[in-house]
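Below is one structure, written out as structure tokens; comments come after it.
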Amino acid sequence: LLVRARALAPTDDAHLLGDLALRHGIAQTRAGKNVTAARTFEEAIELAGDTGDVVLRVEAALRHEDASWRPGFSGATALRHVTAARQVLDDAITAGVDVPGELMLRARLAVARFRALALAGRHDEINDAFEEARRLAAEIGAPNIEANVLSVFIGQVMYHDFAAAGDMIARLAELEPLIDDNDIALHALHDRILHATLVGDFEERRTMARSMAELQRRSHSSFWQFIRANQEAMEAFYEGDLAEAERLAAYCNDLADELPEEDGSGTFGLRMFMIRREQDRLAAMAPLIRHVVDRADGSALWRPGLAMLLAETGADAEADAVVEPIREAGFELPLDALWSTVMVFLIETTVHLGDRNACATLRERFAPLAGTNVTTGSGLLCFGRAERYLGMLSYVLGELDAAEEFLGLALEGDDSGGSVLWANESRLWLSRVRRAQGHAAEADAMAEVVRLEAEAAGLARLARLATEALA
């Protein structure tokens with residue numbers, strides 16, 4: 001209907017055309033067509049510029065920014081539109097124009113500018129933008145705006161400043177009963193669930209996940225249904241339920257296919273790679289992974305993935321050759337959403353190869369993650385406690401006391417989180433350390449526990465490794 005209305009509207013009525021374009025973009029956003037909506041909102045911005053309607057001009061810029069961040073656009077274009085809209089609002093107020101809801105528009109513009117700066121990579125400016133947005137939210141007493149501000153900032157600090165993130169997560173929890181916008185409430189819950197995953201509070205995570213599932217059902221949002229399914233897939237794999245993890249991986253991929261402009265193939269491929277590994281069926285994926293690595297857009301994640309696959313299937317020399325360019329670069333990797341996953345693949349490979357120099361460098365780079373669970377992006381996969389990887393690296397370096405301490409912490413954390421998979425991975429590595437320390441009986445007892453629990457859970461790779469350790 002909106003397409004038809006836009007086609008029938010008088011071509012000389014910029015206000016009507018701009019309003020219809022705005023409404024059309026909102027409808028496209030609700031349908032999950034954010035890329036298309038962003039283009040439609042740009043049309044609305046241009047049309048609104050030919051009118052004296054300040055609110056329409058600002059609203060179009062705000063909607064464009066909101067549609068732009070969801071697909072992960074760089075933020076530069078949104079920032080340009082938001083900056084121009086702020087100037088339009090300032091000029092109107094200076095000219096004595098009465099703009100309805102001026103303070104709320106300023107607060108929303110501050111949030112949009114803050115997020116656009118972050119996505120544009122202008123990190124030296126985001127602290128001031130954050131303070132401005134939060135001040136305006138407090139000034140007008142708007143829980144929705146404050147929660148939105150906090151969610152954006154949490155996304156910037158979650159992985160490198162846990163103390164700051166923790167304070168903001170606590171504030172989000174305080175705001176929860178006051179938030180009356182379902183989308184903002186769901187985003188806030190998503191942030192809190194991710195933080196609980198990172199710090200290992202899985203009981204709290206499961207409680208919040210139930211709340212989020214109920215809110216998502218009431219909202220009828222396809223986007224948040226997709227996010228919830230991804231959270232469930234992450235937890236199934238973390239717990240070691242491979243059959244459920246595979247079912248949910250396929251379900252998430254199907255949901256992605258139903259969402260316009262959403263490509264779930266990369267996430268599906270990563271999940272199946274890890275599932276097949278734990279099923280001890282990784283070798284069958286070698287031809288596919290080689291094909292992906294040969295494509296430039298797949299090299300950042302899948303070159304380390306191929307190296308791990310080769311190392312675990314006995315092709316050590318080839319694995320070493322695949323890692324060589326990354327090693328020569330000093331393991332300097334982009335600090336993006338895949339950084340921790342790439343590091344896990346590299347650690348697994350270099351530990352298997354016994355490359356002491358590489359292990360020393362990787363331990364130094366991975367050390368800041370101590371005390372957290374290792375996750376992919378916004379919680380697509382969880383690899384358990386970071387201390388397991390630090391313990392593995394210490395083992396190769398011959399620092400057995402450090403390895404024992406790290407792996408003991410990992411076992412405790414993985415076990416308390418309810419992960420049969422990662423608790424037994426940590427236990428198996430701890431048994432190797434105890435054997436190297438001369439405690440063969442204790443090592444055998446640990447390996448036997450791993451064998452029994454892995455066999456019961458269908459974790460074929462772990463069961464095989466534990467059986468080999470007992471031979």
Side-chain angles (χ1 to χ4, degrees), residues 34 38 62 65-79 82 107-134 136-137 143-176 179 181-199 201 205 208-209 212 221 223-224 226-228 230-231 234 262 267 334-341 368-369 372-382:
N34 288 296
L62 287 168
E65 186 280 328
D66 189 60
S68 297
W69 76 261
R70 294 174 188 271
F73 290 167
S74 74
T77 300
L79 182 60
V82 167
R108 291 174 63 201
L109 281 168
V111 176
R113 178 173 176 270
F114 171 41
R115 184 161 51 203
L117 282 168
L119 289 173
R122 291 166 61 170
H123 300 293
D124 56 329
E125 299 176 59
I126 64 173
N127 285 335
D128 288 344
F130 169 67
E131 293 301 333
E132 179 194 7
R134 199 170 186 186
L136 285 167
N144 291 349
I145 298 288
E146 184 180 357
N148 214 355
V149 174
L150 290 172
S151 285
V152 177
F153 200 70
I154 286 166
Q156 302 303 306
V157 303
M158 182 81 83
Y159 294 96
H160 61 82
D161 190 342
F162 294 109
D167 291 343
M168 293 179 199
I169 290 293
R171 178 57 181 160
L172 276 182
E174 293 173 359
L175 290 170
E176 182 179 351
I179 300 170
D181 182 299
N182 278 349
D183 193 68
I184 293 174
L186 285 162
H187 200 156
L189 274 169
H190 177 58
D191 289 334
R192 292 174 62 203
I193 287 169
L194 177 56
H195 185 263
T197 304
L198 286 168
V199 300
D201 190 348
R205 181 191 188 282
M208 289 188 291
M212 186 172 179
S221 166
F223 173 75
W224 287 108
F226 175 63
I227 298 299
R228 275 292 304 127
N230 275 282
Q231 291 173 345
M234 186 226 79
E262 183 70 49
T267 299
L335 292 173
D336 56 17
L338 291 175
W339 180 84
S340 59
T341 306
L369 271 64
T372 72
N373 281 307
V374 182
T375 64
T376 300
S378 58
L380 299 174
L381 279 172
C382 180

Give me the atom names and distance for the closest heavy-atom approach of [X] to [Y].
X	Y	answer
Ala67	Ala38	CB-N, 4.0 Å
Ile193	Met212	CD1-SD, 3.6 Å
Ala76	Ala120	N-CB, 4.1 Å
Glu65	Val82	CB-CG2, 4.1 Å

Item to complete: Please confirm whether the backbone N or O of Thr375 pairs with a side-chain atom of Ser340, one donor and one acceptor, at under 3.5 Å?
Response: yes
As an exercise, state the distance from [atom1] of [X] to [atom2] of [Y], rounded to the nearest 0.5 Å.
X	Y	atom1	atom2	answer
Met208	Asp191	CE	CG	10.0 Å
Leu79	Ser68	CG	OG	11.0 Å
Leu136	Glu146	CG	CD	12.0 Å
Asn127	Leu117	CG	CG	11.0 Å
Thr77	Leu119	OG1	CG	11.5 Å
Ile145	Asp181	CD1	CG	9.0 Å

So [Y] and [X], do their side chains get closer than 4.5 Å, heavy atoms only?
X	Y	result
Thr341	Leu381	no
Arg134	Arg171	yes
Glu125	Arg113	yes
Arg122	Asp124	yes
Val374	Cys382	no
Met234	Leu380	no
His190	Arg228	no
Asp201	His195	no

Worksheet item: Any Lys/Arg nitrogen of Arg192 or Glu176 sitting under 4.0 Å from an Asp/Glu carboxylate oxygen of the other?
Response: yes
Worksheet entry | Step-by-step side chain to side chain contact (heavy atoms under 4.5 Å, CB included) determination, Ile169 to Ile154 | CA-CA 8 Å; Ile169 290 293; Ile154 286 166; 3.8 Å; yes
Item to complete: Given side chain to side chain contact (heavy atoms under 4.5 Å, CB included), test Asn182 with Ser221 step by step and report yes or no.
Response: CA-CA 9 Å; Asn182 278 349; Ser221 166; over 6 Å; no
Discussion item. Quick one, Thr267 with Thr376, criterion side chain to side chain contact (heavy atoms under 4.5 Å, CB included). Give me CA distance, side-chain angles, the key distance, then yes/no.
Written reply: CA-CA 10 Å; Thr267 299; Thr376 300; over 6 Å; no
Practice prompt. Under the salt bridge (charged side-chain N to carboxylate O under 4.0 Å, His left out) rule, collect the residues that match up with Glu131, sequence neighbours excluded.
Written response: none
Discussion item. If the test is side-chain contact (heavy atoms from CB on, under 4.5 Å), which one of Asp66, Ile184, Ile179 qualifies with Asn148?
Written reply: Ile184
Worksheet item: Relative to each other, are the rings of Phe114 and Phe130 parallel, tilted or perpendicular (30° and 60° limits)?
Response: tilted
Worksheet item: Does the pair Asn373 and Thr197 meet the rule for a side-chain hydrogen bond (donor to acceptor under 3.5 Å, both in side chains), with working shown?
Response: CA-CA 7 Å; Asn373 281 307; Thr197 304; over 6 Å; no
Discussion item. With side-chain hydrogen bond (donor to acceptor under 3.5 Å, both in side chains) as the criterion, how do Asp183 and Trp224 come out once you've worked through the C-alpha distance, each side chain's angles and the decisive distance to 0.1 Å?
Written reply: CA-CA 8 Å; Asp183 193 68; Trp224 287 108; 2.8 Å; yes
